[in-house]
Amino acid sequence: TQLLEQSPQFLSIQEGENLTVYCNSSSVFSSLQWYRQEPGEGPVLLVTVVTGGEVKKLKRLTFQFGDARKDSSLHITAAQPGDTGLYLCAGVRGNKLVFGAGTILRVKS
Amino acid sequence: NAGVTQTPKFQVLKTGQSMTLQCAQDMNHNSMYWYRQDPGMGLRLIYYSASEGTTDKGEVPNGYNVSRLNKREFSLRLESAAPSQTSVYFCASSVTGGSGDTQYFGPGTRLTVL
C-alpha cells in the first residue's frame, strides 16, 4: 500500500490546457516536496511546501499544501510540451523522503 | 561540478551473481542515499548514510549492503542478485539530511537480473 497516493497515474493533454495533479495521504508530514523526472535521468526538486495552506508559484506551476499537511496539489496552467515528464510528490519525515508512485504527464503539441 | 555520478549506467546480471553500484558526489554533502525505482511504486529508500561513517536501513534493505567509503562515495552491493532486484537504482545526496533538505539525484543505474 502506497503511503502517498498520487492521481491521476497518467495524463495526456494538448498544449495550452490546464491540469491538476493530486497527492494524498492519511499521514501528516513535516513538509512535502514535488520532483520532476525526465526519461533516463534522476528526479529534480521543483518545490518544498512547509506550512499548512501554503501556496507556492513557479512560473506556470502552482503548488498547494493542504491545511492539515496530509495532501498537496500541483496545478499547471497552459501546459507546454516541455512540461512532459514524471511528477513525483514526496513527504518529508525527518531525514527521509516517502515518495508517491508518480504521475506521468504527456503534453502534445 | 559533476553533481552526483553513478556507474555503471546499465548492467545485466545472472541470478546469484554479485556486483557493486558506485556513487560519488562532489558537492561536499554530508548525507547520501540509495533508492530503487520500480513501475507504479515510486522511489523506495534502500539505505542511507547521514554522515561519513554511519549507515542505516531504509524501507527495503533486504538483499543489499552499503559502504560509505568516504564523504564523497557511497556504494551499494548486491551479494547474490535475484530477479526481484531488477530495477533502476538512484543515488542521491543532500547537505545535512535535515528535514526538507534538497536531495540531488544521480542519473541512475538500470539493472536487469535474469
Subject >> Q37(B) versus chain A, the contacting section by heavy-atom distance below 4.5 Å >> reply: side chain

Subject >> Part of Y104(B) lying under 4.5 Å from any heavy atom of chain A >> reply: neither

Original post:
How long is the span from the NZ atom in K56(A) to the CH2 atom in W34(A), to the nearest 0.5 Å?
Top reply: 14.5 Å

Subject >> Gap separating the CD atom of E54(A) from the CZ atom of R69(A), nearest 0.5 angstrom >> reply: 11.0 Å

Subject >> Between L86(A), V44(A), L97(A), the one whose heavy-atom pairs under 4.5 Å with chain B are most numerous >> reply: L97(A)

Subject >> Heavy-atom contact with chain B under 4.5 Å, split by part of E41(A) >> reply: backbone

Original post:
Is it the side chain or the backbone of Q37(A) that comes within 4.5 Å of chain B heavy atoms, both, or neither?
Top reply: side chain

Subject >> Heavy-atom closest contact (L43(B) atom, F90(B) atom, distance) >> reply: CD2-CD1, 4.2 Å

**OP:** Hey, could you give me the CD1/NZ distance between I76(A) and K59(A), rounded to the nearest 0.5 Å?
**Re:** 13.0 Å

**OP:** Please say whether more than 12 non-hydrogen atoms of neighbouring residues, nucleotides or ligands are located less than 6.0 Å from CZ in R77(B).
**Re:** yes

Original post:
Taking P43(A), G42(A), G40(A) one by one, which has the highest count of heavy-atom pairs under 4.5 Å against chain B?
Top reply: P43(A)

Original post:
Between CG of L111(B) and CD of Q85(B), what distance do you get to the nearest 0.5 Å?
Top reply: 7.5 Å

**OP:** Answer with side chain, backbone, both or neither: which region of F29(A) has an atom nearer than 4.5 Å to a non-hydrogen atom of chain B?
**Re:** neither

Original post:
Relative to chain B, which segment of L32(A) carries a heavy atom at a distance below 4.5 Å: side chain, backbone, both, or neither?
Top reply: neither

